[in-house]
Amino acid sequence: MDFLDLAEAELDDAFEYYEDIQKGLGSRFIAEIKSTLSRIQHNPEAWQKFGQRMHRCLLNRFPYSVIYQIRVDLILVIAIACNHQEPNYWINRAKN
């Protein structure tokens with residue numbers, strides 16, 4: 001599984017946001033992301049589809065989604081998207 005640089009930055013920002021709210025909450029967010037990525041890897045076609053290759057998997061305990069593309073040789077994370085932000089702001093990241 002690979003991440004776009006912007007998706008990695010979103011992950012880092014979300015970690016810092018939650019860690020600022022409460023020490024350890026950022027770590028719980030990362031654990032939830034890892035769990036979600038594992039679900040995606042085990043069954044990448046199971047989650048809501050956008051277009052031909054893009055999918056959205058909601059986190060269970062945080063208001064975030066993992067937006068990803070299924071490519072021939074890998075799964076590419078397009079965004080770690082806060083569900084309270086502008087919808088589909090990440091759509092132009094997935095041109096290729």
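Being a predicted model, the structure only gives us computed values, none of them experimental. Hydrogens, waters and symmetry mates play no part in the numbers below; they use all other heavy atoms, side chains included.
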Neighbour count above 12 (heavy atom, 6.0 Å) for Asp5 CG =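 No, because the 6.0 Å sphere around CG of Asp5 holds 12 heavy atoms or fewer from other groups.
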Heavy-atom count around Arg61 CZ within 6.0 Å, excluding the residue itself: above 12?
->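 No, the 6.0 Å shell around CZ holds no more than 12 heavy atoms from other groups.
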Within a strict 4.5 Å, meaning less than it, do heavy atoms of the [X] and [Y] side chains meet?
X: Asn83; Y: Arg56; answer: yes
X: Tyr68; Y: Leu76; answer: no
X: Met1; Y: Leu37; answer: yes
X: Gln48; Y: His55; answer: no
X: Asp2; Y: Ile75; answer: no
X: Arg71; Y: Asp73; answer: yes
X: Cys57; Y: Arg39; answer: yes
X: Ile67; Y: Val77; answer: no

Side chain to side chain contact (heavy atoms under 4.5 Å, CB included) evaluation trace for Met54 with Trp90 = CA-CA 11 Å; Met54 294 236 305; Trp90 41 262; 2.8 Å; yes
Quick one: are the ring centres of Tyr17 and Phe29 less than 6.0 Å apart?
->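 Here the rings of Phe29 and Tyr17 have centres that are no less than 6.0 Å from each other.
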Under a single-linkage definition using a 4.5 Å side-chain heavy-atom cutoff for Ile, Leu, Val, Met, Phe, Trp and Tyr, are Ile70 and Val66 assigned to the same hydrophobic cluster?
->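 Ile70 and Val66: one cluster.
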State yes or no: do Tyr64 and Leu4 share one hydrophobic cluster built from I, L, V, M, F, W and Y residues joined by side-chain heavy-atom distances below 4.5 Å, directly or via other members?
->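 The answer is no; the residues belong to distinct hydrophobic clusters.
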Mind listing the side-chain donor-acceptor pairs of residues 6-16 below 3.5 Å, one per line with the distance, residues two or more places apart or on another chain?
unit_1	atom_1	unit_2	atom_2	d
Glu10	OE1	Ile80	N	2.8
Glu10	OE1	Arg93	NH1	3.2
Glu10	OE2	Tyr89	OH	2.6
Glu10	OE2	Arg93	NH1	3.2
Glu10	OE2	Arg93	NH2	2.7

Give the C-alpha distance, both sets of side-chain angles, the deciding distance and a yes or no for side chain to side chain contact (heavy atoms under 4.5 Å, CB included) between Phe62 and Leu25.
-> CA-CA 10 Å; Phe62 292 88; Leu25 188 57; 4.0 Å; yes
Quick one: list whatever passes salt bridge (charged side-chain N to carboxylate O under 4.0 Å, His left out) with Glu19, sequence neighbours left out.
->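 Glu19 satisfies salt bridge (charged side-chain N to carboxylate O under 4.0 Å, His left out) with no residue once adjacent residues are dropped.
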Gap between atom OG of Ser65 and atom CD1 of Ile78 - 0.5 Å precision =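 Rounded to the nearest 0.5 Å, the CD1-OG separation comes to 13.5 Å.
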OG1 of Thr36 to CG of Leu58: how many Å apart, nearest 0.5 Å?
->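 Result: 9.0 Å between the selected atoms.
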Provide the closest heavy-atom pair for Tyr18 versus Pro63 in the form atom of the first, atom of the second, distance.
->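 The answer is OH-CD, 3.4 Å.
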